[in-house]
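The chains referred to below are lettered A, B, ... by the order of the sequence lines, with proteins before strands, and numbering in each begins at 1.
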Amino acid sequence: MKVTTYFTKSTIFLVLVGVILVGTAVLRIAASNSLTTSGIDLNDLQVRVDSLKKENMILRQELYAQSSLYDVASRAATLGFVVGKGDIALTDQLPVAMR
Amino acid sequence: MKRRIQIVLFFFFFAFLGIEGKLFYWQIVKADELSQLEQQQSAQTVIISPMRGDIQASDGFPLATNALSYLVFANPKEISDVSSVSNVLSPLLQIETATLSAALMRNKFWVALKYRVDPVTKAKVDVLKLPGVGFEDQYSRFYPEASMAAQVLGFIGKDAQGNDKGYFGLEGYYDRQLRGRSGTALEIHDALGRPVLSKVTDALGAQDGRTLNLYLDRVIQYQVETQLRDGVEKVGADSGMAAVMDPKTGAILAMASYPSFDPRSFWDYTLDTYKNPFITNTYEPGSTFKPIIMSAALNANLITPASTCPVCDRPVQVGDYAIHTWDDKYFPNTTMTDIMIHSDNTGMVYVSKLLGVDRTFSSLQSFGIGNATNIDLQGETDPSMRPKDQWLPIDLATTSFGQGISVTPIELLDAFSSLANKGIRMEPHIVKSITTADGQTISIDPKVIDRPISPETARVMTEILVHTTNEGEASFARLKGYDIAGKTGTASIPLNGKYDTNQTIASFIGYAPADNPKFVMLVVLDRPKVSIYGSETAAPIFFSIAKDILTYDGILPSGGIAGN
């Protein structure tokens, strides 16, 4: 009876250790395998981020160029706008007869 | 049998011992060396270049920012038909065909064809799919307002190592703030060059440049530049400059000079045009200096506005020199107010004699004359006054009407601004605050430098100057409905030890509205041809700009419905 019990515990222990070892090895291989190919996704994301940043920068340049005072003044002059000769200031007092 | 088994066991034991020893050697002893080798093979240290900071006007619009551009390069080894490629690229890149051909025939793997190519041109070249032609991203300085405030901004050049460096103006003065700091990142790649997630790239030490937020008002700057350019061309002056400052804070709202340069192509201009003459050039200010001397005398209680001059009925003799008025008209018993209205040199000589050398010298120092203003622009000249013990009576006399003494325009503007700020002189400043790359804002507070005169003296001097504007030689050009405190200046230019009366520096300085000044402005013209007088050349430009600024600020003229 004693020999059987000793043999069973040892076997169970060895099998358990084996399963854990093999199991962790398999898990590690699976994880590494998945990580090694994620570089492709990372690269794609980085390329997309760079592309969007560049597009943003180009649009920003265009916006600033279009809204610069010198550009607006130049286009206004082309359209026929001229600088006003006189200014009129109205004060609080209404320039009309109330009665 | 047992012995053989033991021998085999010993053999295996020592074999495995050897393997373990070797493993220990490579994995423990040589670990660092192998790790470095591995990094060299699969890792790459990347330099992260910082983005240069922006320079923004008071409304947040960037006057200088960064733009994406491209370096077009080629691999001559991959180009078989050089002639065809050169002919196609030449009109797009604006480079001569021969130059392109020469570059493409070089025995190199990489040649640069053109720097700073804009995205539109790049797209046109890209669509051609030329073999051996590629692009590299670059960031170049972009000025959305073109040459606006060019001499205030400065430009970006290269230093001896080929790195970007700011020169002149704000780009030069704040170069270290704007430049930022480079960093490094370690990237691990697989055999095909793709990044591996197991090592995260860290940009160690990289920091983008800081953004400068200016007091400069884009609208006022545009008005000043436009009016100055038109005015200089109209009067035929060699050049002109103007600046507008808030006397209460020292904030520079606008600063312009004409001719100027385009910072986008600074290499097409001469060195002279890079300098900001408002802070680098010295000149004899002429009659615009008289309010400084008179306010010093008022402050010392030596005179009042109604005090009379007993020697103003004829030219004043100072040693071997006779001091005349500008028009040889003399007014017996003229008051101090009238001396200013008529810009009377003899009256000013009388005032300077009352002051004496000691009080004149100390007053001028208190007004900042003879010292740099410490404005935050690169290139300010530091003009010094003649030492007090070297002043002769004629120096005291000529200084009283702004000749025989040299100042920079910014020096005069800063000194004059104390009249508009209850006697307090502020340090002029272009930059209001600095924003770091992570969004933190560092304010630069206005700085009081000195109090050369009392508030009461400033008030009295302001009244005198309002009379001067309304009744003096420039009264024909003044803005009706506004009280402007100002003074004309017509200074002869010294040449070879003598004054050439046919060549002048014409100027006008003033502030408005007189009761609560929003701005103080100085306009200086170099050698106007139409007329030599400041009242007929600089004053109209001053009033024209002042009208625009007052309208822009919504400051109404006093009294009923008014029209100009």
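Residue B:A146: no heavy atom, backbone or side chain, is found under 4.5 Å from chain A. Residue B:S147: no heavy atom, backbone or side chain, is found under 4.5 Å from chain A. The part of A:I58 that comes within reach of chain B is its side chain, from C-beta onward, which places non-hydrogen atoms under 4.5 angstrom from that chain. Interface remark: B:D118 contributes no atoms to any contact with chain A (heavy atom separation under 4.5 Å). Neither the backbone nor the side chain of B:Y143 comes within less than 4.5 Å of any heavy atom of chain A. Both the backbone and the side chain of A:S67 have a heavy atom closer than 4.5 Å to some heavy atom of chain B.
A side-chain donor-acceptor contact under 3.5 Å links B:Y258 and B:E233. A donor and an acceptor atom, one from each side chain of B:D54 and B:T211, are nowhere located under 3.5 Å apart.
Panel note: side chain B:Q221, backbone B:M255; a donor-acceptor pair is recorded below 3.5 Å.
What you find for B:L63 and B:P144 is that their closest heavy atoms are O-CD, 3.7 Å. Nearest heavy atoms, B:P259 versus B:Q151: O-NE2, 3.7 Å.
Taking A:R60, A:Q46, A:K54 one by one and counting their heavy-atom pairs under 4.5 Å with chain B, the maximum is reached by A:K54.
One finds a salt bridge joining A:R75 and A:D71 here, because a Lys/Arg side-chain nitrogen approaches an Asp/Glu carboxylate oxygen to under 4.0 Å.
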